[in-house]
*Asks:* 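I'd like to ask you about the structure that follows.
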Amino acid sequence: MVTCHLQSFWVLFLAVSLYFAHTTSTSHVYIVYLGINQFQDPILTSKFHIQVLSDAFASEEDAKRSILYSYSNSFSGFSAKLNSSQATILARIDKVVSVFRSKTLKLHTTRSWDFLGLTLDETRVTPMEFTNGQDVVVGIFDTGVWPESESFQEKPGMRPIPSSWKGVCVEGEKFEPAKACNRKLIGARYYLKGFEQEYGPLNMSGNPEYRSARDFLGHGTHTASTAAGSIVKNASFFGIGQGTARGGAPWARVAVYKICWGINGVGSCTEADILAAFDDALHDGVHVISASFGATPPLSPFFASSADIGSFHAMQLGITVVFSAGNDGPEPSLVQNVAPWSLCVAASTIDRSFPTEIVLDRNFTLMGQSIISKEIKGRLANAITYFVDGVCSLGNWNKKLATGRVVLCFYTPGLVYEIAQVAVKTAKGLGLIFAEPFTKPIADVDDDIPTLHVDINQGTIIGNYLAESLKLPVVQISPSKTIIGKSPAPTVVYFSSRGPSSISPDILKPDITAPGINILAAWPPQTPPTLQPSDDRLVRWNFQSGTSMSCPHVTGVGALLKSVHPGWSPAATRSAIMTTAYTRDASHDSILAGGSMAGSTPFDMGAGHINPLKAMDPGLIYDMKTSDYILFLCNMGYTQERIERIVLPSPGVDTNCKNMHGPNANINYPSISVPNLRSPITIKRTVRNVGCGKKTTVYFGVAKEPDGVEVVIWPRVLIFSPSKQEISYYITLKPLKKSEGRYDFGEIVWSDGFHHVRSPLVVLVNNSDDFTM
């Protein structure tokens, strides 16, 4: 029944997308995915792709002209210009796993490593600092790189490039490999075919870009330096945030894959180009991939997504892929990049703030948050003077000019500060004070106009002062300061996308949270820090915020773990990161969920906040091989035939779904999610001792029960010995209440007195129709 259902699913999925997207005569870029590379030869594979594609064309020559990429190094597939009829023909071919249109994905756009405990203080050196990711290659899928940045210069003592490296530096506009690449930056490629088919030839006049791996947008330079940038002293943004900048793995090698291109300052990444980058990167020899892009739900099926296809083949080759969760929070179920074979990262704050003083009439002082490098002095004005109903949006502007005025604007539903910035700038205002809910004020580099963020209470005080003044008060805003250790941190940021996953709620996503707010990292000196043409400032370091910034933090930790534990699988790395995460902030209180005043749940932060030093020695790990994902694929409706096409053959791997039993909760994931608990169920987990293996080690299990759920662990004691390093245990969940549509949260913790191996437990009791005591 399930098999028959899925066999028609792909044609139905394609037909629906075709119906809404285009007509028969219109051509678009499609990706035709064929699974693993059966020929193990790129030339033979490419010829095979032409043969397959020819079925949809009148001649082989027409097929050759249509093709953009032949993915023939690490897996098999191609992208080509097709109309809907041709796409349907290809989708019906037995050898084809999936056919889907190439969509455009968007980017999810110093002190942070000290906050994470990775110090450069020589008196507090840890084993991580001895290795720092040497000979690990970090692949960055982004907007390219500014190779002259100090973050990408080789340091004295760097060993030669690893002999396993097969990648190259590709020449292009203002990018000469002999000058740009070195022992630090060892690879640089760029992919443009998919972008140009979608948007036309790259326009470099009025839309600055480089037809090469060189970065203009700055996003790729920033993420690459965050993950694996070299150590650079005295980094700052006009003196703000001054300190030593470096990546999480400062000795790791960097390989950039430019797949995102600027359109009016916005990074756009087509799936055809993304899959080409995966095909090359897996063959080049990267060890960890950082990918800070995605698409807002509804999510595509896993094997109708370039990110999920690429990361699945990466996992099979032992390569960890780290994705950003997206910036669509705080509403639930908008998390992106939710495949169980990759890592999904939420964003949170660090303990650094940028207090900025406001003085009214030289006698009344308040503090806000901003990143302002110069003093601002003018007159304070109320938004209602310039905007209908006081709502600071361009559509409400009454055409009065606010020259010399700092305008006080208040948040209203749907009005974000970026909208107010554009409105006040258009009105020729001098600056903006933006009052917003207590959970939202975050300092930011002024994008359009100097902006000071205050909470609603402070905004009300300022507004009342203004109302009681006989004339417009003089307002003086001082340059921002940098304060460390005074603000509660971490806090999950309000915009960070939340779970549960909308396509597979039985796999908890996001997996982890990491620093993603006001991260100072390298920046192209020819690119304005705000990307605005009117911004004539030139900087080498810039602040950026988003899950795009939290993603490379986890990538850097992944590189460190790869150097310390080179034999670990991507699942082992993920397990170490998740089970050692913490859920309390620096004041030992629960981590707050931005966008509310409540504590975070696993849907906000996954397993918790990343702890790199603990992750290096997790005690126990929940490991998974490729074969372990077959249960998930079967439960998602994939047939044995399709699974065999995407899974690398290996002795003992059973792809027959008839032999796979149990829900996805039985997948050996480091977290447990049960989205439909109606009656008692028993879940299996297997842990491996990666601590001291030369003596007997005893772990004791404790469960924190979700509300209304009885949790029984058996056995409650795990005894590991040199000859027995892997043990399975069972968790029985029994509903004790009548409920529907409500998630509750608990945890399973195993401890030997030193290690605390924690797994989040997420349960939705759904038995309101059939509940009996």
Side-chain angles (χ1 to χ4, degrees), residues 107 109-110 143-151 173-175 202-212 214-222 225 232 234-242 245 261-267 354 356 369-378 394 401-407 417-434 443-453 475-482 518-546:
L107 295 169
T109 187
T110 67
T143 63
V145 67
W146 193 265
E148 292 81 10
S149 169
E150 293 176 81
S151 292
E173 182 189 2
K174 295 186 179 180
F175 197 97
L202 186 67
N203 178 14
M204 292 175 285
S205 61
N207 183 47
E209 255 296 0
Y210 300 101
R211 199 178 188 86
S212 69
R214 182 173 291 277
D215 183 18
F216 175 78
L217 287 179
H219 194 278
T221 299
H222 196 281
S225 62
V232 183
N234 298 316
S236 74
F237 180 83
F238 296 108
I240 302 172
Q242 185 163 1
W261 302 83
I263 304 176
N264 299 321
V266 178
F354 301 99
T356 306
Q369 288 284 324
S370 188
I371 300 177
I372 296 174
S373 58
K374 297 179 181 179
E375 182 182 78
I376 300 169
K377 191 172 183 179
L394 204 54
L401 296 181
T403 307
R405 304 293 187 252
V406 176
V407 182
Y417 75 87
E418 292 92 343
I419 295 175
Q421 285 178 324
V422 172
V424 174
K425 182 181 180 181
T426 304
K428 305 299 181 184
L430 177 64
L432 167 67
I433 297 176
F434 193 73
D444 202 359
V445 176
D446 48 285
D447 285 333
D448 286 287
I449 190 168
T451 303
L452 191 74
H453 298 262
V475 59
Q476 181 177 329
I477 302 176
S478 302
S480 304
K481 297 180 180 179
T482 304
N518 291 324
I519 304 303
L520 184 68
W523 192 256
Q526 302 301 314
T527 300
T530 63
L531 295 176
Q532 300 298 322
S534 59
D535 188 351
D536 59 1
R537 296 173 297 174
L538 301 178
V539 298
R540 294 185 300 117
W541 307 93
N542 195 16
F543 288 104
Q544 293 275 281
S545 296

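Everything numeric in this text was worked out from a predicted model, so none of it was measured.
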*Asks:* Of all the heavy-atom pairs spanning Ile240 and Ile372, show the shortest one and how long it is.
*Replies:*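 Shortest heavy-atom separation between Ile240 and Ile372 comes out as CD1-O, 3.5 Å.
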*Asks:* For Thr356, which of Ser370, Ser478, Ser480 qualifies under side-chain hydrogen bond (donor to acceptor under 3.5 Å, both in side chains)?
*Replies:*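 Only one option passes, and that is Ser480.
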*Asks:* His222 versus Asp215: any side-chain heavy-atom pair under 4.5 Å?
*Replies:* no
*Asks:* Show the nearest heavy-atom pair for residues Ser534 and Lys425, with the distance to one decimal.
*Replies:* OG-NZ, 3.0 Å
*Asks:* Closer than 3.5 angstrom, by distance alone: can the side chain of Ser212 be matched with the main-chain N or O of Glu173 as a donor-acceptor pair?
*Replies:*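 Pair found, side chain donor or acceptor close to backbone of Glu173.
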*Asks:* Honestly, is Arg540 close enough over Trp523, meaning NZ or CZ under 6.0 Å from the six-membered ring centre and within 45° of the axis?
*Replies:*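 No.
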*Asks:* So Lys374 and Pro479, do their side chains get closer than 4.5 Å, heavy atoms only?
*Replies:*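 Pro479 does not reach Lys374 side chain to side chain.
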*Asks:* Report the distance from atom OG1 of Thr426 to atom CG of Leu401, rounding to the nearest 0.5 Å.
*Replies:*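 Here the rounded value is 10.5 Å.
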*Asks:* At their closest point, which heavy atom of Thr221 faces which heavy atom of Pro524, and how far apart are they?
*Replies:* OG1-CG, 3.9 Å
*Asks:* If you measure from CG on Leu432 to CD1 on Ile477, what distance do you get to the nearest 0.5 Å?
*Replies:*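 Leu432 CG to Ile477 CD1: 9.0 Å, rounded to 0.5 Å.
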*Asks:* Looking at side-chain heavy atoms only, is the closest gap between Trp146 and Thr527 below 4.5 Å?
*Replies:*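 The answer is no, as the side chains (C-beta and beyond) never meet within the 4.5 Å cut-off.
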*Asks:* Taking side chain as C-beta onward, heavy atoms only, is Ile433 less than 4.5 Å from Val406?
*Replies:*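 Counting from C-beta outward, Ile433 and Val406 do come under 4.5 Å.
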*Asks:* Do you know which two heavy atoms are closest between Ala402 and Val407, and how far apart they sit?
*Replies:* CB-CG2, 4.1 Å
*Asks:* When rounded to the nearest 0.5 angstrom, what is the spacing between CD1 in Ile371 and OG1 in Thr451?
*Replies:* 11.0 Å
*Asks:* In Å, rounded to the nearest 0.5 Å, how long is the span from CD of Glu209 to CG of Leu202?
*Replies:* 5.5 Å
*Asks:* Using every non-hydrogen atom in the two residues, find where Gly241 and Phe543 come nearest and quote the distance to one decimal.
*Replies:* CA-CZ, 4.2 Å
*Asks:* Any side-chain heavy-atom pair from Phe237 and Asn518 closer than 4.5 angstrom?
*Replies:*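 When only atoms from C-beta onward are counted, Asn518 and Phe237 do not touch, as no gap falls below 4.5 Å.
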*Asks:* For Gln526 and Phe216, work out which heavy atoms get closest and say how close.
*Replies:*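 Reported closest heavy-atom pair: O-CE1, 4.2 Å.
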*Asks:* Report yes if some heavy atom in the side chain of Pro147 is under 4.5 Å from a heavy atom in the side chain of Arg214; otherwise report no.
*Replies:* yes
*Asks:* Under the side-chain contact (heavy atoms from CB on, under 4.5 Å) rule, what do Phe434 and Leu452 come out as? Steps first, then yes or no, please.
*Replies:* CA-CA 6 Å; Phe434 193 73; Leu452 191 74; over 6 Å; no
*Asks:* Working to the nearest 0.5 Å, report the span between CD1 of Ile519 and CG of Asn542.
*Replies:* 12.0 Å
